[in-house]
Amino acid sequence: MNTLLLYLGPVILLLIVLGFVTYAILAERKVIGWIQGRIGPNQVGPWGLLQTVADIVKLLIKEDTIPKNADKTLFKLSPIIAFVPAFVVLAVMPFSSQIQFTDIGVGLLYYMAISSITTIGILIGGWASNNKYALLGGMRSAAQMISYEIPLVMSVVGIVLTVGSLNLNDIVEAQQKTWFIFPQIIGFVVFIISSVSELNRTPFDLPEAESELVAGYHVEYSGFRFAFFMLAEYVYIFAMSSLTTVLFLGGWNAPFGFTFLPGIVWFIIKFSVVVFFLYWVRATMPRIRVDQLMQFAWKVLLPVALANIILTTLLKEVPFLTHYY
Amino acid sequence: MLGLIKGLNVTLKNMVKPKVTYNYPQEPLEMPDRFRGIQYFDPDKCIVCNQCVRVCPTDCISLTGKKNPDPNQKGKVIETYNINFEICILCDLCTEVCPTEAVVMTNNFELSTYSRDELFKNSEWLFANDENIRSENTLNPIPVKKPTGGTPS
Amino acid sequence: MIRTEEMLLNVGPQHPSTHGVLRLLVKVDGERIVETEPVIGYLHRGTEKLAEDLTYTQIIPYTDRMDYLSAMTNNYAVVHATEKLMGLEIPERAEFLRVIVMELNRVASHLVWMGTYLLDIGAMSPFLYAFRDREQILDLFNELCGARLTYNYMRVGGVKWDAPKDWIGKVDHFVSYMQKQMKEYHQLVTGNEIFIQRTKGIGVYDQETAINFALSGANLRVTGLNWDLRKDAPYSIYEQFTFDVPVGEVGDLYQKYLCRMKEIDESLKIVAQAVANFPSEGKIMGKVPRVLRVPEGEVYVGIESPRGELGCHIVSKGKDKPWRIKFRRPSFYNLQILPTLLKDENLSNLVAILGGIDIVLGEVDG
Amino acid sequence: MNAEFFAFSLFSVFAIGGAVFFLNAIRVMHMALSLAFTFFSLAGIYLLLQAEFLAVVQVLVYAGGISILMIFGIMLTKPEESGASKSFQLHQWLSLIVVTGFFLVIMLIIYQNPIFAPTVKVYSPSVQSIGTTLFKDYAIPFELASILLLVALIGAIVLARKEQK
């Protein structure tokens with residue numbers, strides 16, 4: 001029975017994630033539509049509920065084109081390299097006190113490490129397409145993701161210092177009284193900015209900047225391979241929102257002792273708030289320029305994250321506050 | 001940072017505002033009276049003065065007239081009247097010069113077809129296109145003698 | 001010795017940010033632009049040559065299609081030149097209607113610019129907000145002349161239609177609505193730090209360069225030169241209205257944006273004044289012969305289109321058709337500075353600078 | 001146990017296969033990708049040895065490192081550079097001898113080292129113990145190593161600056 005669950009669990013998670021992606025895309029289009037005075041998709045199915053399904057079907061039956069001068073092997077390989085890590089990182093995510101696949105000691109680092117593999121996939125995709133826009137998109141993406149990984153990791157060091165563990169379960173347990181968003185507000189701001197950048201979303205959507213690079217690294221991809229890139233992007237939204245919830249919003253812990261709802265429901269609520277925030281930001285912000293992006297990472301976010309670490313270590317020694325840190 | 005927050009506030013406020021899009025293909029769009037859609041042509045009113053052909057900037061109108069079958073009447077009656085809608089730019093000049101309001105604009109604008117041939121509109125088609133006819137058309141009617149008689153039989 | 005390779009990037013004619021079918025051959029070194037060569041003509045229809053074979057009335061619908069974002073201004077350029085050559089008197093009511101539609105058209109055109117420019121820079125929502133508000137202007141025009149983009153509204157000697165019932169009231173209502181909306185735009189865009197970062201100090205040029213490149217409109221005024229043909233070479237009845245000409249200090253993109261936003265404010269002011277003083281009755285067509293025969297001679301008129309000085313030069317040999325007609329199309333002249341501005345810029349600035357010039361390809365290619 | 005053995009074989013094959021591909025590939029990107037395969041398979045083997053921290057750090061460091069390698073590969077090589085330089089027969093034989101010798105030496109060392117005697121207990125270091133070891137017991141060597149890296153970094157910047165002029 002246990003073995004069966006072991007093999008079946010990931011499949012169920014994959015289905016849940018695919019379902020999430022389907023409706024996250026719809027929700028994104030709806031939310032952005034409302035913000036812009038439109039109603040969003042409403043033609044396929046009641047209230048547009050089947051819109052994404054239709055889109056996916058369209059992508060699946062589309063002709064699979066590979067540019068003549070592309071590096072065919074890498075062209076085919078890169079969507080897989082980009083997508084697989086996106087799903088693999090979910091293994092350590094504690095969705096509630098029971099629902100988690102593995103509980104490894106270095107869960108936080110595991111997330112950061114595995115998610116950075118996607119960069120290679122994107123870079124290879126951009127290069128293998130043999131298209132200049134794709135190449136520029138791929139290069140930008142590599143530069144951006146490597147740069148923003150550093151403030152991303154640094155911003156959570158404060159939490160790691162406070163909890164004394166890299167384990168995501170321990171981090172959630174430590175937030176039973178106070179969520180880390182309050183003592184670690186600086187870390188939170190840095191983390192949110194870096195995570196939006198890691199997700200390649202507006203205002204940091206340079207790798208696929210439509211108005212400049214047409215579509216960036218996936219400009220030559222069509223059909224199913226393109227769908228994989230999109231899937232990777234939205235699975236990362238799932239993963240990153242979960243991580244934000246776990247790290248800063250108390251995971252499955254109920255606020256104010258409202259424990260009448262089960263932990264997973266609280267998790268979903270917090271998670272949805274984070275996802276909505278991502279959509280909201282996307283509908284509002286212009287795109288930052290690529291050199292400003294790098295400068296921002298190295299000259300603003302990194303020093304701020306470092307300052308946050310120092311501040312945390314200092315506050316840890318202050319008698320009154322030591323309770324929070 | 002303040003500017004970004006202000007911007008977020010604006011978008012959030014707009015989210016709850018009423019939506020401005022039309023449910024267009026399901027609900028037909030009402031165009032104002034003066035809207036320039038495809039022409040309606042009434043052969044009975046036409047006096048074959050050829051003004052519309054001359055004024056058309058894209059030469060999309062062609063017509064032929066014949067002698068009035070009624071020997072008592074002077075002038076001509078229209079025989080064929082065609083608008084090549086591929087090149088018509090709906091500039092409204094033909095209805096403006098028509099002294100008898102034989103060619104007038106309608107509000108019909110859904111004109112897409114699957115074949116270019118269908119865009120060649122002859123006088124039967126234009127005569128059948130008699131819905132949503134614009135109420136005011138010729139702005140400078142020339143006082144011409146109304147073609148008397150010409151009983152439609 | 002380590003060296004990076006130069007790469008030839010072909011931006012357009014099918015590219016989301018070239019505002020039509022402009023093609024730019026860009027040599028880039030990494031993301032730095034070494035050289036740009038604009039290739040134009042993908043939308044060339046030969047308006048000027050066609051016009052030689054058209055009567056003066058027939059030219060008007062063709063001008064609609066030059067700068068399709070401000071067709072009213074183009075209409076006015078050609079009818080104004082013809083009227084000047086013929087020495088026609090225009091009824092006051094017609095002039096008021098012309099001014100109202102031209103200024104509304106300027107607002108609509110700037111709204112499109114603002115929206116698409118923000119879209120170039122990556123913000124999505126301002127585009128749709130701008131189009132939502134522009135839609136109201138288009139609806140007003142639709143009601144007035146029966147078309148939303150290619151108006152063909154003006155005639156030599158007046159305008160085609162009188163204002164429909166309540167139309168003036170609707171315009172008045174729109175002006176106050178738009179003034180309220182402008183505040184929202186400023187909140188959403190003007191103070192946005194990312195927008196400021198993207199535009200401030202980018203694509204700077206000084207007054208001398210601007211004059212040497214024969215720039216006009218906001219592209220010229222942004223350098224601090226107060227040059228607006230509505231003030232400096234008044235036509236129509238612009239002398240009756242009080243309005244300011246917004247100028248910038250340094251010729252960067254942010255100031256261009258501010259300039260155009262202020263121009264919207266000023267245009268709304270003019271419309272408000274025109275609506276307040278709108279003559280309650282009067283003719284809309286002057287005394288014009290049935291067949292327009294323009295006396296021999298030539299004339300040049302320059303008017304302030306949303307994009308700059310729109311000139312119309314007519315040479316007449318006394319026929320009902322012009323012997324030669326020439327439009328000074330502001331977008332075409334403004335585009336000339338692009339290769340100079342793009343040299344040594346970052347590739348991401350390409351769309352920002354190109355968008356800042358505010359070209360309409362229908363006008364560039366003529 | 002069976003699954004572990006299976007995973008070990010898979011990772012080993014990937015690691016060795018990646019290395020072989022790396023040597024045989026012509027294009028820089030293929031090489032970099034094979035290298036990534038090797039490194040990530042090694043990370044998998046670390047994981048099997050219960051060295052979670054080491055495995056994760058391996059991935060974290062080399063994912064970035066390989067991306068940078070790819071970028072440099074793209075920017076600094078010409079697209080159609082075929083590395084078809086025929087080496088001498090003698091050269092190949094010589095390399096074979098040297099490589100075999102090196103392999104033997106390594107194996108000799110491994111089998112003589114008492115740490116790798118089969119009786120040794122599997123010891124899985126926690127993050128905390130790694131931290132204690134690094135920052136308490138070996139603090140000075142650690143700091144020295146980081147200073148060395150810093151010097152190299154600054155040196156590289158200085159060299160790059162000079163070349164620009």
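Scope of the values below: all heavy atoms of this structure, side chains included, with no hydrogens, waters or symmetry mates. Reminder, nothing fancy here: chain letters follow the sequence lines and each chain counts from 1.
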- Message: Quick check: under 4.5 Å, non-hydrogen atoms only, which of residues 59-68 of chain D neighbour chain A?
- Response: D/Val59, D/Leu60, D/Ala63, D/Gly64, D/Ile66, D/Ser67, D/Ile68
- How close do D/Val56 and A/Tyr110 get, heavy atom to heavy atom, and via which atoms? CG1-N, 3.6 Å
- Task: Just give me the residue among A/Leu135, A/Ile114, A/Asp71 that pairs up with chain D most often, heavy atom to heavy atom, under 4.5 Å.
- Result: A/Asp71
- Task: Using the test side chain to side chain contact (heavy atoms under 4.5 Å, CB included), find all partners of A/Ala143 that sit at least two apart in sequence or belong to another chain.
- Result: A/Met294
- Item | Inter-chain contacts: residues 72-88 of chain A against chain D, heavy atoms under 4.5 Å | A/Leu74, A/Leu77, A/Ile81
- Residue-level interface, residues 118-126 of chain A with chain D, non-hydrogen cut-off under 4.5 Å: A/Thr119, A/Ile120, A/Leu123, A/Ile124
- Message: Rounded to the nearest 0.5 Å, what separates atom CH2 in A/Trp127 from atom CG in D/Leu33?
- Response: 10.0 Å
- Query: So does D/Ile140 have more than 12 non-hydrogen atoms from other groups sitting under 6.0 Å from CD1?
  - Reply: no
- Task: Examine whether an atom of A/Ile117 lies under 4.5 Å from a heavy atom of chain D, and if so say whether it belongs to the side chain, the backbone or both; otherwise answer neither.
- Result: both
